[in-house]
Amino acid sequence: MGSGVLLAVIGAFLLMMIFSSRNAKKKQLEQRDKLANDMVPGAWVMTTSGFYGRYVETDGDVIVLETSDGTETLWTSRAIVSVGNPPFAPDTAEADPQDADTEKADKAEEAKDLAADSPEEETSSDEAKDDAASADGDPSEKN
């Protein structure tokens, strides 16, 4: 009876391995399809070596990626790990000019707010209080 139980356990283990292998292959295939759908010209991609480049085109199993300075490099399609924005800021030459104008306006407004709330005004009002206190002749009222 012990050998029958052992065979049943081995059989169950083999079935579990086959089932989990199918699921892993299915998930891998879905991920590969999603990656292929997300790769449109101009999209940022990351390779297995950590290189970030812009996707240009595919020619068979070869993918052309463009560096930030415009140099095109060739990669195998298996080297692409993910599609998405890189963890660094985009080039300033490619930034939207309207965003730059908005940013300049925001900085100018902040500068005006800082000038209005500057500590120099408080200092001059404190000096006026000190002058008034010294005119009264009572040094204990100074701040």
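Everything numeric here is computed off the predicted structure, so don't read it as measured data. Here, residue 1 is the first one in the sequence, and each next residue gets the next number.
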Should L29 and K26 count as side-chain neighbours, where that means a heavy-atom distance under 4.5 Å? no
V5 with F13, same ILVMFWY side-chain cluster at under 4.5 Å: no
Looking at F51 versus W75, is the centre-to-centre ring distance below 6.0 Å? yes
Mind checking whether E66 and T71 have side chains closer than 4.5 Å, heavy atoms only? no
Taking the side chain from S20 and the backbone from M16, do they hold a donor-acceptor pair closer than 3.5 Å? yes
Evaluate the side-chain proximity of Y55 to I63: yes if any heavy-atom separation is below 4.5 Å, no if none is. yes
CD of Q28: more than 12 outside heavy atoms within 6.0 angstrom? no
D59 CG: over 12 foreign heavy atoms closer than 6.0 Å: no
Would you call L74 and V64 a side-chain contact if the rule is heavy atoms closer than 4.5 Å? yes
Please round to the nearest 0.5 Å and tell me the distance separating atom OG of S82 and atom OH of Y52. 6.0 Å
Is the closest side-chain heavy-atom distance between L35 and V83 below 4.5 Å? yes
Looking at L65, is its backbone amide N or carbonyl O close enough to the side chain of T73 to form a donor-acceptor pair, meaning the two atoms are under 3.5 Å apart? yes
Do you know which two heavy atoms are closest between R78 and T48, and how far apart they sit? O-CG2, 4.2 Å
Q31 atom CD: more than 12 heavy-atom contacts under 6.0 Å: no
